[in-house]
Amino acid sequence: MITLHLNDEIIKSLSGPELEILKYAYEHTEDVLGMSIQQVAAGVAYSPTTVLRFCKKLGYSGFAEFKYVLRAQTREKDTPVSTRSGRAFTAGMMLDALSANLQATSKLIREEQLLQTFQYLESGCPIYLWSPGGLTSVAVEYFEKLLLSIGRQEVYLVESVKMFEQILKSLTQKPLLILISTSGKYPTTIRLGKLGRVNGIPILAISPYANNDVADSADISFRFFATQRENLGAEFTSRLPIFFVINMIIQCYLRWRGEGESDASTV
């Protein structure tokens, strides 16, 4: 797994093929370390020029420097044991994968994003959280409870899309709309984001690192790394990075607010 310093501007600058290269490198780090640029190009079915352009957009001089950074960040793996499926597996490998997701996600959080969020939390404007159902709603409810626990007033969780659409169309005071999406592709969440955008409502989104419509509609866009997974047709992508982002926002806000109160008391 890789941990790269990627901000939202870099992610938005990546083309579709370059995002595929990022995903390939993220999921096959150890393989990439032993491959030439031509082999990586063949693995992703794009040209070596596209791979080179991808490396340069990430801020590296070329493919060699990109591999150097990957090698420097690669950890030693535990000796694997067999599972019933015959695949190599250790608890250490799973912990490494989860840790890599969180570390990579932490590199996407920027101070300016947090400060923008803090201004909305301090403003007293209404905060509406869209609850799309399924596992993602657990994360939404967690965010709601944390906001209430720090004393934030006028926090509303909405589960009905028709009610939410009506609210967005009839608001007299500008709220903050919070959208959380595991895939960034859920049509209802995308529609609400576009509706909010049309009505000039500020949007905070938490969505995957890849370009997606939910992030595009947002004024403040927090990204996370997570491998999209399915089992027998059911989606079960880990929400752990989403909880991590939510917790970071609240913990950093409390620290920021505490420091502000401390500074004020000394004046």
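The distance from atom CZ of F164 to atom OH of Y128, rounded to the nearest 0.5 Å, is 8.0 Å. In this structure, CG on L102 lies 10.5 Å from CE on M248, to the nearest 0.5 angstrom. E65 contributes atom CD, which lies 9.0 Å from atom SG of C55 (distance to the nearest 0.5 angstrom). Within the model, atoms CG of N247 and CD1 of I250 stand 8.0 Å from one another, a figure rounded to the nearest 0.5 Å. Here the OG1 atom belonging to T49 is positioned 7.5 Å from the CD1 atom belonging to I37, to the nearest 0.5 angstrom. One finds the NZ atom of K67 at 7.0 Å from the OG atom of S36 (value rounded to the nearest 0.5 Å).
Nearest heavy atoms, S47 versus A41: C-CB, 3.7 Å. Summarising the geometry of R152 relative to L121, their closest heavy-atom pair is NE-O, 2.9 Å, with the distance given to 0.1 Å. The two atoms that bring K174 and N199 nearest to each other are NZ-O, 2.6 Å, heavy atoms only. The minimum heavy-atom distance linking N211 with L14 is given by the pair ND2-O, 3.3 Å. G34 and Q39 make their closest contact through O-OE1, 3.9 Å (heavy atoms, listed as atom of the first residue, atom of the second, distance). Minimum interatomic distance between I246 and A139 (heavy atoms only, all atoms of both residues): CD1-O, 3.5 Å.
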Worked check of side chain to side chain contact (heavy atoms under 4.5 Å, CB included) between K185 and V214:
CA-CA 7 Å; K185 300 176 182 178; V214 174; over 6 Å; no
Worked check of side chain to side chain contact (heavy atoms under 4.5 Å, CB included) between D216 and I190:
CA-CA 9 Å; D216 289 343; I190 292 172; over 6 Å; no
Before giving the answer on side chain to side chain contact (heavy atoms under 4.5 Å, CB included), spell out for K56 and L52 the whole-Å C-alpha distance, their side-chain angles and the decisive distance to 0.1 Å.
CA-CA 6 Å; K56 290 187 174 181; L52 180 60; 4.1 Å; yes
Stepwise ring pair (Phe, Tyr, Trp, His ring centres under 6.0 Å) check, F54 with F66
CA-CA 10 Å; F54 158 79; F66 176 69; 5.5 Å; yes
Side chain to side chain contact (heavy atoms under 4.5 Å, CB included), that's the test. Do I167 and Y156 meet it? Break it down for me.
CA-CA 11 Å; I167 290 171; Y156 307 101; over 6 Å; no
Could you walk me through whether S207 and S181 pass the side-chain hydrogen bond (donor to acceptor under 3.5 Å, both in side chains) test, one step at a time?
CA-CA 5 Å; S207 65; S181 178; over 6 Å; no
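The same ILVMFWY cluster, assembled from side-chain heavy atoms under 4.5 Å apart, contains both I242 and I109.
Classified by interplanar angle (parallel below 30°, tilted 30° to 60°, perpendicular above 60°), the ring pair F243/Y142 is tilted.
Within a 6.0 Å sphere centred on CD of Q153, heavy atoms belonging to other residues, nucleotides or ligands number 12 at most. Summarising the local packing, NZ of K57 is surrounded by more than 12 heavy atoms from other residues, nucleotides or ligands at distances under 6.0 Å. Around the CD atom of E111, the shell of radius 6.0 Å holds no more than 12 heavy atoms that belong to other residues, nucleotides or ligands. Atom NZ of K12 sits in a crowded spot, with more than 12 heavy atoms from other residues, nucleotides or ligands closer than 6.0 Å.
Using a 4.5 Å heavy-atom threshold, the side chains of T182 and L135 count as separate. You'll find the side chain of L115 reaches within 4.5 Å of the side chain of F118, heavy atoms only. The closest side-chain heavy-atom distance from I249 to Q113 is not below 4.5 Å. Side-chain contact between V245 and I180 is absent, with no heavy-atom pair separated by less than 4.5 Å. Between P48 and F63, every side-chain heavy-atom pair lies at or beyond the 4.5 Å cut-off. Contact check for T136 versus W130: no side-chain heavy atoms found under the 4.5 Å cut-off. Side-chain contact between V32 and Y24 is present, with at least one heavy-atom pair separated by less than 4.5 Å. Between Y120 and C125, the closest side-chain pair of non-hydrogen atoms falls below 4.5 Å.
No donor-acceptor distance shorter than 3.5 angstrom exists from the side chain of S221 to the backbone of A205, with no hydrogens or angles considered.
Y253 and E122 form a side-chain donor-acceptor contact under 3.5 Å, judged by distance and modelled atom types alone.
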